[in-house]
Amino acid sequence: MELKNEKWSLDKFKEIREEVLQQWPTGKDVDFEEAIEYHNNLPEEQIMAEKLAEAKEEDVTLIQPRAGVALIDEHIELLKFLREEGQADLLPSTIDSYTRQNNYEEAEAGIEESREEGRSMLNGFPAVNHGVKACREVVEALDAPLQVRHGTPDARLLAEITLAGGFTDYEGGGLSYNIPYAKNVSIEQTLLDWQYVDRLIGYYEENGIKINREPFGPLTGTLVPPSVSHSVAIIEGLLAAEQGVKNITLGYGQCGNLVQDVAALQSLEELAEEYLADYEDVMLTTVFHQWMGGFPQDEAQAFGVISWGAATAALGKATKVITKTPHEAMGVPTKEANAEGLRSTKQVINMLRDQSLLSNDKLEEEKEMIKQETKQILDRVFELGNGDVAQGTVRAFEAGVLDVPFAPSKYNAGNLLPARDDDGAVRFLNHGNLPFSDEVVEFHQEKLEARGKSEGREPNFQMVIDDIYAIGKGRLVGRPR
Ligand SMILES: CCC[C@H]1O[C@@H](n2cnc3c(N)ncnc32)[C@H](O)[C@@H]1O
């Protein structure tokens, strides 16, 4: 099938759907009409798009964890604990890694093993294997909206089952769940597979059911410059809107310098409104991810990182913030640690409830730079696609016009080298083939030269390495000593 940024006909969608629902036995329980009925009977408090719209209206930043374990009862217990003890406003179900690779046999084995061992032998909730009815058990046990969080290049069957199961929000996208999550999966293939997912959600919307979509903003979560993640987020928002998606949360992963991060949040919303202006009644919100890079092992220091992310989300007026836990450096957190990350975040959000980062020259300069860079990238993407953003995206990755730092995908050029400037803002040490103007390139060079001067070293690759480890070692900028 040829990749084009054009809304799929229902016939084409239904034809492919036959094959998707046969990928695992639980697919046969998906009945679209029945699922519409089920969603119509969901309590309003479990409809994610409604909750997000309300938060945006009231200028409130909601908090949401990541969480998922192998067995249904334990998963329900975990989510209840995070809702009650963690004060989570919104709930996830983080899907396990086997399911993300469509390896349902291994997920099945992991379920069996978890039953034998009496503890979760999977790093998430294997929703495809558990099926529609089990998803509904989870949804009905809780009183908050549920979102599917994962990292799945081919997420079609997972979407069918979890959405029929009452989840009202679906994370990911054809770029954000390929480039950082896969090595050998073609971009064209995942863009097509995610057109399917978005068309399914468009089909729900055509039947009066609101399902929110959230492209995965942080990408590799390692020093990703705002304009790089914004470009991917806006492309995925455009592709989703073309398939009929009406509720979209665009995301951004914290970099660590307050002015840059607030500028990133504000520019993301403003750019998205601009690029999506042709799509009527698309409800846009934003999500801020607390630091996605390496964490300190020490739990008290980890709380410092978590709180800084909470403060930035609040001052940047993000619609929601995805929390981290004091076990981040260790692995899948206990429910107690997960709840502690939520409560520390809630404390800071509440204390900053009536504050925002006042506009200032540095903030405006940062916003302007991010907007210029993002527009220069997206203009080239459209050019490469002769106006078709889907085709332009594939060619842009081939040309390195879109390029994500430290991504495993062989389809990613990998020319970018980001490093922090003297204030800790992320700059381009090497911008690869990103189509930046001389003014943009010089801006970054000057910022890094200034850091080099104050550290008595040339801006170089060692800076990049030092910055990757810096937060885990208790700082933001990876100083030489
Ligand atoms: C892109 C997401 C990375 C983050 O996703 C967290 N994460 C992954 N799996 C689970 C889980 N099953 N429960 C709680 N957090 C989880 C990791 O810690 C990391 O921060």
Side-chain angles (χ1 to χ4, degrees), residues 1-8 12-13 16-17 19-20 23 95 99-102 147-160 162-163 169-203 211-220 224 228-245 247-251 272 275-276 279 282 287 377-378 381-382 384-385 388-399 401-404 407-413:
M1 182 199 318
E2 193 205 356
L3 174 67
K4 271 196 306 222
N5 184 36
E6 217 169 77
K7 187 169 186 177
W8 286 16
K12 170 173 158 180
F13 168 72
I16 297 174
R17 191 164 201 234
E19 172 246 319
V20 170
Q23 289 172 342
I95 304 299
T99 303
R100 297 179 183 197
Q101 302 302 318
N102 311 119
Q147 177 186 41
V148 191
R149 302 192 73 88
H150 48 117
T152 313
D154 178 359
R156 296 173 295 170
L157 181 58
L158 177 64
E160 289 281 4
T162 52
L163 297 179
D169 193 326
Y170 201 71
E171 188 188 29
L175 299 175
S176 60
Y177 271 5
N178 176 335
I179 300 297
Y181 282 94
K183 285 198 178 75
N184 302 315
V185 184
S186 92
I187 293 172
E188 191 150 7
Q189 189 53 52
T190 37
L191 288 179
L192 283 165
D193 288 342
W194 276 87
Q195 281 186 319
Y196 176 98
V197 171
D198 287 330
R199 186 65 187 87
L200 170 63
I201 289 163
Y203 190 25
I211 306 283
N212 195 71
R213 279 277 290 109
E214 177 187 325
F216 177 57
L219 302 174
T220 54
V224 180
V228 169
S229 63
H230 285 13
S231 300
V232 171
I234 289 168
I235 288 168
E236 291 193 350
L238 287 165
L239 294 173
E242 180 62 27
Q243 297 307 324
V245 170
N247 296 282
I248 301 173
T249 304
L250 293 179
Y275 278 92
L276 284 154
Y279 293 99
V282 167
V287 55
I377 293 170
L378 292 177
V381 170
F382 276 97
L384 288 169
D388 184 306
V389 70
Q391 293 172 6
T393 294
V394 175
R395 294 174 193 144
F397 271 101
E398 285 163 359
V401 162
L402 282 169
D403 189 350
V404 176
S409 171
K410 71 179 187 187
Y411 296 98
N412 185 68

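Side chains are part of it too, since the values below use all heavy atoms of this structure and drop only hydrogens, waters and symmetry mates. Nothing here was measured: the structure is a model prediction, and the numbers come from that model.
Under the 4.5 Å side-chain criterion, counting only non-hydrogen atoms from C-beta, Asn5 is not in contact with Gln391.
A donor-acceptor pair under 3.5 Å is formed between the side chain of Glu236 and the backbone N or O of Leu175. Checked by atom type and distance alone, the side chain of Tyr170 pairs as donor or acceptor with a backbone atom of Ala155 at under 3.5 Å. Remark: side-chain polar atoms of Asn247 are not paired, donor with acceptor, to backbone N or O of Val282 under 3.5 angstrom. Counting only distance, with no hydrogens or angles, the side chain of Thr162 and the backbone of Leu158 share a donor-acceptor pair below 3.5 Å. Panel note: side chain Gln243, backbone Glu6; a donor-acceptor pair is recorded below 3.5 Å. Without hydrogens or angle criteria, Asn412 side chain to Val404 main chain gives a donor-acceptor distance under 3.5 Å.
In this structure, Asp198 pairs ionically with Arg213, as a charged nitrogen and a carboxylate oxygen lie closer than 4.0 Å.
When every heavy atom of Ala390 is checked against every heavy atom of Leu239, the shortest pair comes out as CB-CD2, 3.9 Å. What you find for Ile234 and Ala272 is that their closest heavy atoms are CD1-N, 4.2 Å. Between Val224 and Pro218, the closest heavy-atom pair is CG2-O, 3.6 Å. Taking each heavy atom of Ser229 and Leu219 in turn, the nearest pair found is CA-CD1, 3.8 Å.
More than 12 heavy-atom neighbours from other residues, nucleotides or ligands sit within 6.0 angstrom of NZ on Lys12.
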query = Can you list the steps and then say if Glu188 with Tyr411 is a side chain to side chain donor-acceptor pair (under 3.5 Å)?
reply = CA-CA 10 Å; Glu188 191 150 7; Tyr411 296 98; over 6 Å; no

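In this structure Glu242 satisfies the side chain to side chain donor-acceptor pair (under 3.5 Å) test together with Tyr279, sequence neighbours excluded. Applying the side-chain contact (heavy atoms from CB on, under 4.5 Å) test to Tyr177 and every residue at least two apart in sequence or in another chain returns His150, Glu171, Tyr181, Trp194, Phe216.
Asn212 and Asp169 share a side-chain donor-acceptor pair at under 3.5 Å.
Using cut-offs of 30° and 60° on the angle between ring planes, the pair Phe13 and Trp8 is tilted.
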